[in-house]
Engineer: 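Input: one structure, supplied below.
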Number of protein chains: 2
Amino acid sequence: MVRIKADEVDRDNSVDKVEQILQGAMQEFLQHGYAGTSMDRVAVAAGVSKATVYSHFQDKEGLFKVLLEQLASKKNISIFGTEPIEGEPAAILHQVATKALEQMLNDKEHSAFMRVLIGESGRFPELAQICVQAMIKPVAETLTHYLAAPELNIPDPEATARILLGALVHFHITQNVMHGQDIVPMESDRLIDALTHLITKCTD
Amino acid sequence: MVRIKADEVDRDNSVDKVEQILQGAMQEFLQHGYAGTSMDRVAVAAGVSKATVYSHFQDKEGLFKVLLEQLASKKNISIFGTEPIEGEPAAILHQVATKALEQMLNDKEHSAFMRVLIGESGRFPELAQICVQAMIKPVAETLTHYLAAPELNIPDPEATARILLGALVHFHITQNVMHGQDIVPMESDRLIDALTHLITKCTD
DNA sequence: GTCTATAGACTGATAGAC
DNA sequence: GTCTATCAGTCTATAGAC
């Protein structure tokens, strides 16, 4: 009633319903967290009955896990892309950092996802690990690859990749996730410039 | 019943009781988050009756806010201290970063606090802002001061401070809060060394 | 008629508040 | 300790495909 719903009805129920339920679950879980979400509201948001939810997912925990695992892979791709960028290392880094930050800062859903993922990582440690594996690890590896370019002359590209990633993600957490824009304001460009300066200053 | 509690009883009820309730609330809220915590369990953990809880705090939300504001100022001090360190900038930075990481990584309560703070920052935006003000801002300012040392020759110390802070905090989030030690393992020393290298490499 | 998937009421437990 | 609301999860009756 509250939400939109199925345009084309029935036929090939299973896949559509699952997707529909996940969509409703995403709305609710991202907004209210795990404990704050009721299965009744998930069902309403998805436009199906509770029995339908329970026929496709084992229980609240199972639905939550499937949802977050799906979101983890989706978010990872949308933010850092699968771009095989070529060119001067300094320019690549600048471009990757700019794009990643822009993506994160303009995606409210991503802020909500970060809140839930970190907030529930105590209750669902194995889920947090899956998301680290799906999001942090591949990005860190990609950045390591870029930072390993000989002309950058970086002694520990892997650790430096963690610094770069941490600077970007923590900036997002501070400014958007925790609503700190007015408390500790800073333009994205300043962060990016300072980052690229740190990484490339001896190669100028 | 479950938890320890008041050794000395009654007399000067008010202050003791409030502290006692906050202690019980901390146990519960840090472990289960806001929505996952019941006032019954807070009362039990605090060793008082529910009526006592409600006589000292307006409601669940009020108790939660008071608790987190108190924790924010406490955590800030314990991790970055109020050390007025003197000496060579490079050495200072190395020392500050090492100590901060060590403090964070060895404090399970701090991991739990980060989870709750970030996890509830959607529901309590003004509370998140208060914590940014109390924790991020002063630390960023302190680091900015160190990074502004002329011999470091850093064009934007403020932005660089955010990078430094972000690298440290995100490392903590990845390794401890999200349980990623086994997924993306890395020694703290490598991070610290790479950080100090980035910041000081042109002044060696 | 039969069968599958569905809706919506139902249950026992537990929540916040006083 | 009481009260009302709401929770997760279940059950029953039914709607529609074949």
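Numbers restart at 1 for each chain; the letters A, B, ... are given by sequence-line order, proteins then strands.
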Engineer: Nearest whole Å is fine: how far is dA5(C) C1' from F57(A) CZ?
Structural biologist: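 F57(A) atom CZ is separated from dA5(C) atom C1' by 15 Å.
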
Engineer: Does any N or O in the side chain of K75(B) come within less than 3.5 Å of the main-chain N or O of M114(B), such that one atom is a donor and the other an acceptor?
Structural biologist: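 No.
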
Engineer: Report the nucleotide, chosen from dA8(D), dG8(C), dC7(D), that has the shortest atom-to-atom distance to any side-chain atom of Y54(A).
Structural biologist: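 Shortest atom-to-atom distance from the side chain points to dA8(D).
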
Engineer: Check every atom of dA8(D), dT2(D), dC7(D) against the side chain of K50(B) and return the nucleotide holding the closest atom.
Structural biologist: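 The nucleotide sitting nearest to the side chain is dT2(D).
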
Engineer: To the nearest Å, how far apart are H56(A) NE2 and dA7(C) C1'?
Structural biologist: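 These atoms are roughly 13 Å apart.
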
Engineer: Would you say that more than 12 heavy atoms from the other residues, nucleotides or ligands in this model lie under 6.0 Å from the CD of Q58(A), or not?
Structural biologist: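 For Q58(A), atom CD is not crowded (no more than 12 foreign heavy atoms under 6.0 Å).
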
Engineer: What is the distance, rounded to the nearest whole Å, between atom CD of E61(A) and atom P of dC7(D)?
Structural biologist: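 Interatomic distance, CD of E61(A) to P of dC7(D): 18 Å.
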
Engineer: Contact class for S55(B) (heavy atom, under 4.0 Å): base, sugar-phosphate, or nothing?
Structural biologist: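 S55(B): no heavy atom of the nucleic acid under 4.0 Å.
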
Engineer: Between E120(A) and R123(A), is the closest basic N to carboxylate O distance under 4.0 Å?
Structural biologist: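 E120(A) and R123(A): salt-bridged.
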
Engineer: Between dC7(D) atom P and F29(A) atom CZ, what is the distance in whole Å?
Structural biologist: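 Going from CZ in F29(A) over to P in dC7(D) covers 12 Å.
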
Engineer: Counting side-chain heavy atoms from CB outward, which of dC11(D), dA8(D), dG16(C) is closest to S38(B)?
Structural biologist: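 Closest nucleotide to the S38(B) side chain: dG16(C).
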
Engineer: Without decimals, in angstroms, what is the distance between K60(A) NZ and dT6(D) C1'?
Structural biologist: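 Value for this atom pair: 12 Å.
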
Engineer: Take the protein atom CD of Q20(A) and the nucleotide atom P of dT6(C), then report the distance between them rounded to whole Å.
Structural biologist: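 That distance rounds to 9 Å.
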
Engineer: For a quick check of understanding: with a heavy-atom distance under 4.0 Å over all strands, which category does T52(B) fall into, base, sugar-phosphate or nothing?
Structural biologist: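 The residue T52(B) makes no contact with any strand.
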
Engineer: Quick one: R41(A) CZ to dG9(D) P, roughly how many Å, whole number?
Structural biologist: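 One finds 16 Å between P of dG9(D) and CZ of R41(A), rounded.
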
Engineer: When the distance from CE of M39(A) to P of dC7(D) is rounded to whole Å, what number comes out?
Structural biologist: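 Result: 12 Å.
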
Engineer: Just wondering, are more than 12 heavy atoms of other shown residues or ligands nearer than 6.0 Å to CD in E187(A)?
Structural biologist: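 Incorrect, the count does not exceed 12.
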
